[in-house]
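Letters A, B, ... are given to chains in the order of the sequence lines, protein chains preceding strands, and every chain is numbered from 1. Worth saying up front: this structure is predicted, and the values here are computed from it rather than measured.
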Protein chains: 2
Amino acid sequence: MRTVDPAKHAAKRATIVDAAAGCFAEKGFERTTTADICRAAGISSGSLFHYFPNKRAMFTAIFTDDAAETAGRLETAAKADDQWEALLDVVTELAGQVAHPAVVRLVLEAAAQAARDDEFAELIRRNDGALRDGLAVLVERAADAGLIDPGVTARAAAGWVAGLIDAMILRASLDPDLDLPAEQAVLRTILVRFLRPVSPPDGA
Amino acid sequence: MRTVDPAKHAAKRATIVDAAAGCFAEKGFERTTTADICRAAGISSGSLFHYFPNKRAMFTAIFTDDAAETAGRLETAAKADDQWEALLDVVTELAGQVAHPAVVRLVLEAAAQAARDDEFAELIRRNDGALRDGLAVLVERAADAGLIDPGVTARAAAGWVAGLIDAMILRASLDPDLDLPAEQAVLRTILVRFLRPVSPPDGA
DNA sequence: GTCTATAGACGGATAGAC
DNA sequence: GTCTATCCGTCTATAGAC
């Protein structure tokens, strides 16, 4: 057997990705130096470039890793009994991430980078597409149960639900004193009025 | 009399701001070089730094200029007869800006920069605050005319109306083939359901 | 002669990659 | 730690308006 321990390799890789994410969130992609990442991860420059071919790869790794996490969340939600409640829960959880300033900054940085890096934009679009698809499934199933206004298509609804989560992220970035629970309540109100039937079968 | 012609100075300054905006939209703030801006504006480095003390000032100028424009829009809307229609019109106009990819990119770049430049963040927050204030005025007046659900406060509503515009911008950045008129129609639907009284006095 | 506007070269610093 | 490349912003010099 070679001296390569896959688990150890993965762990070290994760350490670097974490350190890099912290740096990118704090200073942005361009202004983060590879030396910064070395310092944050406690490793040498030589070691860093053994795990990643260049700075850009460290950045993209953050978002490929995150996509897997979101996919898991959506999968769990799809198994719930009440798909409408599951939808609200997923939105609340995703919107709740704005409590972490680093997440907000990484999203903004990703959006800015995607605007001028086609390959990276493709990755971000894939992630967003997967999110919208997952949300559309929840909407469609809730609609089958009569919990959604038939006048709204699942795809259009999913797109704007994702948009509302994005809006929450931008609001959080603009207002450091954002009252998260209050905003989530308004977000919930918007979702209910936007999506639920005008005369709901139950009183939610 | 000094040899300063204010009109000529302002015109050249505007030329530089335009050129810089194009560069920043295309390459981002960090990756845009002052040489890029010189090339785009057709001037020399010496001339460029005669008009602006540094690169950052060229960036901020874009957004101070834009704030004045938005303020004018809001002022005009406040004079309209039907404040509800005026609100919808302003939102449609602002959301319609996403038809220009450069605008979308500049907004994203501004958001990313604001995350790590406190002084610039202050400027962006001021602009956003002014927008929200202007929208709140429209909402409040529409409410006085009985056109808004009394259960929604003007401030909270204005915040989320601004948020919906932001959402449109982010959607546009993710989807280059966005069907703008269709999305604007959905946006309108969300606004109506979110804000209008459950039993509206007229049939809008 | 004083001020504005412009040009263009260059210094010092710093980055990524290995 | 090195090597190469690049960038910002300063600095000097020149032209013209008053």
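Computed from coordinates, the B/His9 NE2 to C/dT6 C1' distance equals 13 Å when rounded to whole Å. C/dA5 atom P lies 10 Å from atom NZ of B/Lys12, rounded to whole Å. Remark: P of D/dT6 and NZ of B/Lys27 are 11 Å apart, rounded to the nearest angstrom. At whole-Å resolution of the value, CG in B/Asp36 and P in D/dT6 are 12 Å apart. Residue B/Glu30 contributes atom CD, which lies 12 Å from atom C1' of D/dC7 at whole-angstrom precision. Here C/dA15 presents its C1' atom at 13 Å from CD1 of A/Ile37, a figure rounded to the nearest Å. Spacing between atom CZ of B/Phe29 and atom C1' of D/dC8 amounts to 11 Å, rounded to whole angstrom units. Summarising the geometry, the separation between NZ on A/Lys55 and P on C/dA15 is reported as 9 Å, rounded to the nearest angstrom.
Put simply, B/Tyr51 has a side-chain N or O that comes within less than 4.0 Å of OP1 or OP2 on C/dT6. Contact annotation: B/Lys8 does not reach the phosphate of C/dT4 (side-chain N/O to OP1 or OP2, under 4.0 Å). The phosphate of C/dT6 (OP1 or OP2) has no side-chain N or O of B/His50 nearer than 4.0 angstrom. The phosphate of C/dG16 has OP1 or OP2 within less than 4.0 Å of a side-chain N or O from A/Thr34.
The B/Ser44 side chain lies nearest to C/dA7 when the options are C/dA5, C/dA7, D/dG9. When each of D/dC7, C/dT6, C/dA17 is scored by its nearest atom to the side-chain atoms of A/Phe49, the top-ranked nucleotide is C/dA17.
Nearest-nucleotide positions on DNA chain C place A/Arg31 closer to the 5' end than the other of A/Arg31 and A/Gly46.
Atom CD of A/Glu140 has 12 or fewer neighbouring heavy atoms from other residues, nucleotides or ligands inside a 6.0 Å radius. No more than 12 heavy atoms of other residues, nucleotides or ligands lie within 6.0 Å of CG in A/Asp81, so this atom counts as exposed by the packing criterion.
B/Asp36 and B/Thr33 form a side-chain donor-acceptor contact under 3.5 Å, judged by distance and modelled atom types alone.
The structure places NZ of B/Lys12 at 5.0 Å from OH of B/Tyr51, a figure rounded to the nearest 0.5 Å.
Side chain B/Ser45 to base D/dT10: a donor-acceptor pair is found below 3.5 Å.
Residue-level contact check: B/Ile43 touches the backbone only, with heavy atoms under 4.0 Å from sugar-phosphate atoms and none from bases. In this structure, A/Pro53 reaches the sugar-phosphate backbone alone: every heavy-atom distance under 4.0 Å involves primed, P, OP1 or OP2 atoms, never a base. At the heavy-atom level, A/Ser47 lies nowhere under 4.0 Å from the strands shown.
Taking the centre of each ring, B/Phe24 and B/Phe59 come in below the 6.0 Å mark.
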